[in-house]
Amino acid sequence: MNGKQIVAEALQPVLPDWEMSDIEVKIERPKDEKLGDYAFPTFTLAKTLRKAPNLIASEMAEKIDPSKFEKVQAVGPYVNFFLNKSQVGAEILKEILSDPENYGARNIGQGRNVSTEYSSPNIAKPMGMGHLRSTMIGESIARILAKEGFKPIRIDYLGDWGTQFGKMMAAYKMWGDDAEIEKDPINTLLSYYVRINKEAADHPEYDDAGREWFAKLERGDEEAKRLWTWFREVSLERFKRVYKMLDVDFDSYTGEAFSATMMDEPVRILREKNLLVKSQGAEIVDLEKYNLPPLMVIKSNGTSTYITRDLATAMYRKKTYDFYKSIYVVGQEQEVYFQQLRACLKEMGFDWADDIVHISFGLMSINGQKMSTRKGNVVDLEDVLNQSVDLARKQIAEKNAGLANADEVAKQVGIGAVVFHDLKNYRRNPIDFNLEEVVKFEGETGPYVQYARARGESLLRKSGIKGFDDVDLTKIGEAEWDLVSFMGRYADVLQKALETYDPSAVAKFALELAKRFNKYYAHTRILVDDVDEDVKKARLAVVKAVSEVIKSALNLLDVKAPDEM
Ligand code: ARG
């Protein structure tokens with residue numbers, strides 16, 4: 001139970017007609033800590049009771065059971081609450097230490113399925129930093145969902161179908177060099193793709209050839225299929241290497257090609273409901289009543305589109321997973337597209353269309369530069385991760401030369417730094433990536449949070465303390481209370497992160513906790529003789545709790561927490 005809930009519970013008997021949750025939303029935190037830990041404003045009551053707020057406040061303060069508080073006091077129109085810090089703090093600490101893994105979880109999901117699509121790179125292209133955003137935001141949301149009792153189904157919807165593969169094949173047929181492809185498959189295939197796009201300006205026949213090859217693929221032509229399978233395999237192998245570095249794994253890797261085999265059903269429904277309109281040879285769905293541009297479902301040459309596949313995909317996911325929500329972690333540039341997708345599904349008569357959630361995110365630039373696959377201007381994610389690990393290794397060698405498992409820790413710190421950077425800002429904000437900044441041990445970085453926790457763990461090792469079962473947790477003081485009451489907000493933070501699909505709420509919490517802990521650590525002496533033994537133990541219990549909560553938060557962000565670094 002956190003402080004706010006304790007206050008709400010104390011208010012309940014005086015506000016018999018109110019729901020607990022209504023009381024809780026009204027409770028505020030006074031700007032000035034001297035006015036108490038929480039405050040309840042009486043303005044709303046004044047209207048219904050037709051009494052002066054100040055009078056209501058003082059009457060209420062009289063009636064409240066003071067046992068859980070140091071003081072309950074009316075100040076003007078507010079009832080101010082001063083928590084009994086040692087008692088409440090001890091309760092929070094006990095909750096953390098007795099089951100650190102589940103601390104903060106509220107089982108909101110009750111086992112319901114959430115189809116969770118993220119990453120979804122396109123084959124035959126290197127996975128760029130842009131896909132990192134989708135991968136990490138998606139993985140973190142999946143972890144938050146799982147923590148709150150949902151069952152996320154992790155789906156990597158590979159971009160393995162579409163006219164671009166026609167182009168890739170046409171390019172391969174002109175310039176393909178198998179030996180070169182074997183050596184470095186993705187970059188070689190990408191170079192063909194970049195070249196054909198560039199040269200198509202002077203050679204319009206290249207575009208025709210690309211369309212022809214894609215049509216072949218759709219017809220099931222042997223050679224086209226063989227090339228496609230090969231491109232897909234070498235690509236997925238590379239992607240999985242990156243996923244392994246990031247500790248990300250999917251339940252399904254079925255992509256657009258799989259959906260392309262199921263398009264008859266949505267097209268049949270669209271026809272039955274007379275939703276398809278001919279337009280310049282193509283067939284479109286009019287979405288004017290939603291204030292959205294029309295959707296092209298079938299192109300003039302009869303081939304299917306990205307949207308046709310997504311219609312089939314959405315239906316397949318509903319049928320297969322009977323989802324409570326179906327989320328798609330995809331960049332901001334597809335925002336209108338997902339509105340169209342939802343509107344189209346609604347027109348088709350699916351009431352679950354509203355459960356489709358597009359989790360959009362802002363663009364990532366690198367050192368101020370935009371990225372574009374078409375122009376070949378991509379930064380390879382694997383390279384970036386390796387560079388980051390090298391940078392972390394250097395810093396660790398300086399800080400802690402004798403570290404036993406330095407290599408493993410360098411990986412955890414280097415990769416964690418990149419991931420943390422990606423998640424610490426609200427997802428819809430554009431972000432810039434600068435490796436030097438990201439891997440710093442100071443400032444708002446992943447390594448800063450990891451390091452704060454590692455310092456705590458090192459203190460615990462030095463103390464030799466074995467367990468906390470027999471520690472009197474009420475022996476905490478003001479400085480400890482600051483940390484403990486902050487940790488008491490964890491469940492609220494998680495719930496907010498869940499409701500807004502926003503991992504940055506968790507990242508910001510971890511940063512703030514690390515900051516407060518560093519401040520505490522700098523000002524409070526723990527392993528010294530002149531501290532009372534019981535107080536010392538209670539302080540160590542707080543250190544342990546901070547370490548556990550930081551670890552839990554980092555885990556939700558898919559960032560590792562090394563005990564030593
Ligand atoms: N492969 C696409 C891309 O890289 C993202 C796929 C988004 N998901 C979807 N169901 N349309 O841009």
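What's counted below: heavy atoms across the whole structure, side chains too, no hydrogens, waters or symmetry copies.
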Assess the residue pair Y451 and N518 against the criterion (side chain to side chain donor-acceptor pair (under 3.5 Å)); give the C-alpha distance rounded to whole Å, side-chain angles, the decisive distance to 0.1 Å, and a yes or no.
CA-CA 10 Å; Y451 191 60; N518 276 343; over 6 Å; no
Please assess D351 against K346 for the test salt bridge (charged side-chain N to carboxylate O under 4.0 Å, His left out), listing each intermediate value before the final yes or no.
CA-CA 6 Å; D351 53 4; K346 229 179 201 166; over 6 Å; no
Determine whether R143 and D247 satisfy the following criterion, salt bridge (charged side-chain N to carboxylate O under 4.0 Å, His left out), listing intermediate values before the conclusion.
CA-CA 12 Å; R143 287 173 183 231; D247 192 16; 3.8 Å; yes
Donor-acceptor pair, distance only, cut-off 3.5 Å: does the side chain of W228 make one with the backbone of D160?
yes
Mark yes or no for whether R453, through its side chain, and S547, through its backbone, hold a donor-acceptor pair below 3.5 Å.
yes
Do other residues, nucleotides or ligands put more than 12 heavy atoms under 6.0 Å from the NZ atom of K560?
yes
Quick check on the 6.0 Å ring-centre criterion: do F258 and Y316 meet it?
yes
Ignoring hydrogens and geometry, is there a side-chain-to-backbone donor-acceptor pair from N555 to K551 under 3.5 Å?
no
Answer yes or no: are there more than 12 heavy-atom neighbours, outside E335 itself, under 6.0 Å from its atom CD?
yes
Looking at E333, I'd like to know if its CD atom is crowded, meaning that more than 12 non-hydrogen atoms belonging to other residues, nucleotides or ligands lie closer than 6.0 Å.
yes
Member of M245, R238, K244 meeting the side chain to side chain contact (heavy atoms under 4.5 Å, CB included) criterion with R241
R238
Measuring centre to centre across the rings, with the benzene-like ring taken for any Trp, is F165 within less than 6.0 Å of F231?
no
Audit row: E265, R268, salt bridge (charged side-chain N to carboxylate O under 4.0 Å, His left out) steps and yes/no
CA-CA 5 Å; E265 178 85 359; R268 184 181 59 75; 3.4 Å; yes
Heavy atoms from other residues, nucleotides or ligands near NZ of K94 exceed 12 (cutoff 6.0 Å)
no
Apply ring-ring contact (aromatic ring centres under 6.0 Å, His included) to F509 and list each qualifying residue two or more places apart in sequence or on a separate chain.
F486, Y490
Test Y38 against every option in E28, K4, R29 by the side chain to side chain donor-acceptor pair (under 3.5 Å) rule and name the one that passes.
R29
Any donor and acceptor pair, going by atom type alone, linking the side chain of Q450 with main-chain N or O of Q412 inside 3.5 Å?
yes
Backbone of S504 reached by a side-chain donor or acceptor of R427 within 3.5 Å:
no
With sequence neighbours left out, write down each residue that passes side-chain hydrogen bond (donor to acceptor under 3.5 Å, both in side chains) with D99, or none if nothing qualifies.
N102
Do Y306 and Y337 have ring centres separated by under 6.0 Å?
yes
Are more than 12 heavy atoms, taken from residues, nucleotides or ligands other than E272, located less than 6.0 Å from that residue's CD atom?
yes
Is there a side-chain contact between E139 and L246 in this structure, where contact means two heavy atoms from C-beta onward sitting under 4.5 Å apart?
no
Side-chain donor/acceptor of S252 to backbone N/O of I155, under 3.5 Å:
no
Check: R428 side chain, S360 main-chain N or O, donor-acceptor pair, under 3.5 Å:
no
